[in-house]
Engineer: 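Next up is a structure, given as structure tokens.
Reminder, nothing fancy here: chain letters follow the sequence lines and each chain counts from 1.
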Number of protein chains: 2
Amino acid sequence: MNKNCSVYKTASFICKKWTMLILLELYRGKGEWKRYSHIKTKLNGITPKMLSARLKELKGEGMIKKRVDVNTFPIRSEYCLTKTGKDFIKIIKSIKEWTLKWKTKNTDCEKNDCEMCEL
Amino acid sequence: MNKNCSVYKTASFICKKWTMLILLELYRGKGEWKRYSHIKTKLNGITPKMLSARLKELKGEGMIKKRVDVNTFPIRSEYCLTKTGKDFIKIIKSIKEWTLKWKTKNTDCEKNDCEMCEL
DNA sequence: CCGGATCCTCTGCGATACTG
DNA sequence: CAGTATCGCAGAGGATCCGG
């Protein structure tokens with residue numbers, strides 16, 4: 001696998017810390033726009049720097065879109081999955097299914113109350 | 001997503017460096033047993049320490065199996081995907097398909113000659 | 001409220017050498 | 001041949017402050 005391999009390229013940013021969590025948080029509900037501060041609260045523990053960096057990356061990858069409400073003060077930034085991003089969720093789902101099929105010790109997801117995933 | 005989340009648990013080891021490459025190398029051909037030294041050669045640049053560690057992890061996860069030929073000298077260790085491991089390949093395939101669908105700048109895989117992947 | 005700038009910590013990984 | 005042991009570093013990510 002070289003640097004131009006599609007698997008390599010996608011894995012190299014999707015595997016970064018917090019990235020999948022951000023995608024999953026944006027997937028929750030029915031794809032409404034979600035505020036920066038809301039995501040930050042949900043992703044307990046993420047630093048603002050990290051969140052900003054990841055959102056920028058995901059936007060650069062075309063997986064999320066951003067809008068800013070300049071009429072309010074303070075400013076509100078909101079984010080939402082693009083079609084590309086939504087389509088990636090199925091891969092995360094397949095990871096979940098694979099794990100539930102072959103691994104038997106995931107108590108939380110097995111009970112179907114893994115609230116974060118909502119897959 | 002907490003520590004018991006199935007997505008979290010699987011992602012946390014599959015995302016490690018070299019791990020997917022090892023799985024793909026074992027997937028090449030028709031699932032024959034492959035020697036440690038052979039894998040090492042194919043994964044150009046991997047250190048023996050890394051390869052041993054990853055193989056051990058993958059075995060612990062039930063994705064590969066190991067056999068040792070003690071009748072020869074020096075010893076031969078061979079590795080092979082389990083059913084669990086083979087079933088994971090489909091996820092890597094779906095990552096490739098997603099990338100080719102939404103990203104247009106992956107020259108190598110687009111030409112279907114991304115030899116490493118062989119997906 | 002959003003998120004950039006700085007500084008710092010910590011660990012994953014590489015390089016090298018060595019052994020049964 | 002198939003690993004293990006030791007050392008060291010780069011870079012990812014955390015903590016904190018600041019500014020629009």
Side-chain angles (χ1 to χ4, degrees), chain A residues 1-3 8-26 32-61 63-80, chain B residues 1-3 8-23 25-26 32-61 63-81:
Chain A
M1 198 186 303
N2 58 55
K3 299 300 167 96
Y8 178 87
K9 293 178 100 170
T10 296
S12 64
F13 79 85
I14 207 65
C15 286
K16 290 184 180 179
K17 193 169 184 181
W18 299 109
T19 299
M20 284 200 209
L21 292 176
I22 292 169
L23 291 175
L24 288 175
E25 176 51 36
L26 291 177
E32 324 90 69
W33 290 86
K34 303 203 175 168
R35 295 183 59 181
Y36 177 92
S37 54
H38 175 259
I39 303 168
K40 188 167 179 302
T41 302
K42 288 289 187 171
L43 271 58
N44 194 31
I46 192 171
T47 61
K49 171 192 168 184
M50 239 329 91
L51 182 54
S52 297
R54 289 294 178 264
L55 289 169
K56 191 174 289 183
E57 284 173 7
L58 287 170
K59 186 165 182 292
E61 296 289 344
M63 298 181 78
I64 67 174
K65 49 193 172 181
K66 175 185 183 178
R67 73 179 181 191
V68 181
D69 188 346
V70 287
N71 296 321
T72 63
F73 185 80
I75 295 170
R76 295 182 176 207
S77 293
E78 296 180 308
Y79 299 85
C80 177
Chain B
M1 198 186 302
N2 57 56
K3 299 300 168 96
Y8 178 88
K9 291 178 100 170
T10 297
S12 64
F13 78 84
I14 206 66
C15 285
K16 290 183 181 179
K17 192 167 184 183
W18 299 109
T19 299
M20 284 202 210
L21 291 175
I22 292 169
L23 291 175
E25 176 52 35
L26 291 177
E32 323 89 70
W33 290 87
K34 301 202 178 172
R35 297 180 59 179
Y36 177 93
S37 54
H38 175 259
I39 303 168
K40 188 166 179 299
T41 303
K42 287 288 186 173
L43 272 58
N44 194 31
I46 193 171
T47 61
K49 171 189 170 184
M50 243 325 92
L51 182 54
S52 295
R54 290 294 177 264
L55 289 170
K56 195 171 290 185
E57 283 173 8
L58 286 169
K59 185 164 183 295
E61 295 291 342
M63 298 180 78
I64 66 174
K65 49 192 170 180
K66 176 183 181 178
R67 72 179 184 192
V68 181
D69 188 345
V70 287
N71 295 321
T72 63
F73 184 82
I75 295 169
R76 297 183 173 205
S77 292
E78 295 179 307
Y79 298 86
C80 177
L81 289 180

Engineer: Rounded to the nearest Å, what distance is computed from the CG atom of residue B/L51 to the P atom of nucleotide C/dC13?
Structural biologist: 13 Å

Engineer: Keeping the roles fixed (side chain from A/S12, backbone from A/Y8), state whether a donor-acceptor pair exists under 3.5 Å.
Structural biologist: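 Flag set: sc A/S12 to bb A/Y8 pair under 3.5 Å.
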
Engineer: Of the non-hydrogen atoms in B/W33 and B/K66, which two are nearest, and what is the gap between them?
Structural biologist: CZ3-C, 3.8 Å

Engineer: Roughly how many Å is it from CG in B/N44 to P in C/dG14, rounded to a whole number?
Structural biologist: 12 Å

Engineer: Using 0.5 Å steps for rounding, measure from the CG atom of B/L26 to the CD atom of B/E78.
Structural biologist: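 CD of B/E78 is found 11.0 Å from CG of B/L26.
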
Engineer: As an exercise, state the distance from OH of A/Y36 to OG1 of A/T41, rounded to the nearest 0.5 Å.
Structural biologist: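 Result: 10.5 Å between the selected atoms.
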
Engineer: Between B/K17 and B/P48, name the one whose nearest nucleotide on DNA chain C is closer to the 5' end.
Structural biologist: B/K17

Engineer: Please find the earliest and latest nucleotides of DNA chain D, in the 5' to 3' direction, that have an atom within less than 4.0 Å of any heavy atom of chain A.
Structural biologist: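 Terminal contacting nucleotides, 5' to 3': D/dG13 to D/dA15.
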
Engineer: Check whether any side-chain nitrogen or oxygen of A/Y79 sits under 4.0 Å from OP1 or OP2 of C/dG3, and answer yes or no.
Structural biologist: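 Yes, A/Y79 has a side-chain N/O under 4.0 Å of OP1/OP2 on C/dG3.
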
Engineer: Could you tell me which non-hydrogen atom of B/I14 sits nearest to which non-hydrogen atom of B/M20, and how far apart they are?
Structural biologist: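 Smallest heavy-atom distance, with atoms named: O-CG, 3.8 Å.
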
Engineer: Could you check whether any side-chain N or O of A/K42 sits under 3.5 Å from a backbone N or O of A/E25, counting only pairs where one atom can act as donor and the other as acceptor?
Structural biologist: no

Engineer: Residues of residues 64-78 of chain B with any non-hydrogen atom less than 4.0 angstrom from an atom of DNA chain D: list those, numerically ordered, please.
Structural biologist: B/K66, B/P74, B/I75, B/R76, B/S77

Engineer: Provide, to the nearest angstrom, the distance between the CE atom belonging to A/M50 and the P atom belonging to C/dC2.
Structural biologist: 18 Å

Engineer: With rounding to the nearest 0.5 angstrom, report the NZ to SG distance, A/K17 to B/C15.
Structural biologist: 13.0 Å

Engineer: If you measure from NZ on A/K16 to CD1 on A/I22, what distance do you get to the nearest 0.5 Å?
Structural biologist: 11.5 Å

Engineer: Closest approach of B/I39 and B/K34, non-hydrogen atoms and distance?
Structural biologist: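 Shortest heavy-atom contact: CD1-O, 4.0 Å.
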
Engineer: Here's a test of your reading of the structure: between A/R54 and B/H38, which maps to the more 5' nucleotide of DNA chain D?
Structural biologist: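 Comparing both residues, the 5'-ward one is B/H38.
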
Engineer: Consider the side chain of A/K56, meaning its heavy atoms from C-beta on, and name the nucleotide among C/dC13, C/dG4, C/dA15 that approaches it most closely.
Structural biologist: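 Closest nucleotide among those given: C/dG4.
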
Engineer: Could you tell me the separation between the NZ atom of B/K49 and the C1' atom of C/dT19, rounded to a whole number of Å?
Structural biologist: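 In whole Å, C/dT19 C1' lies 17 Å from B/K49 NZ.
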
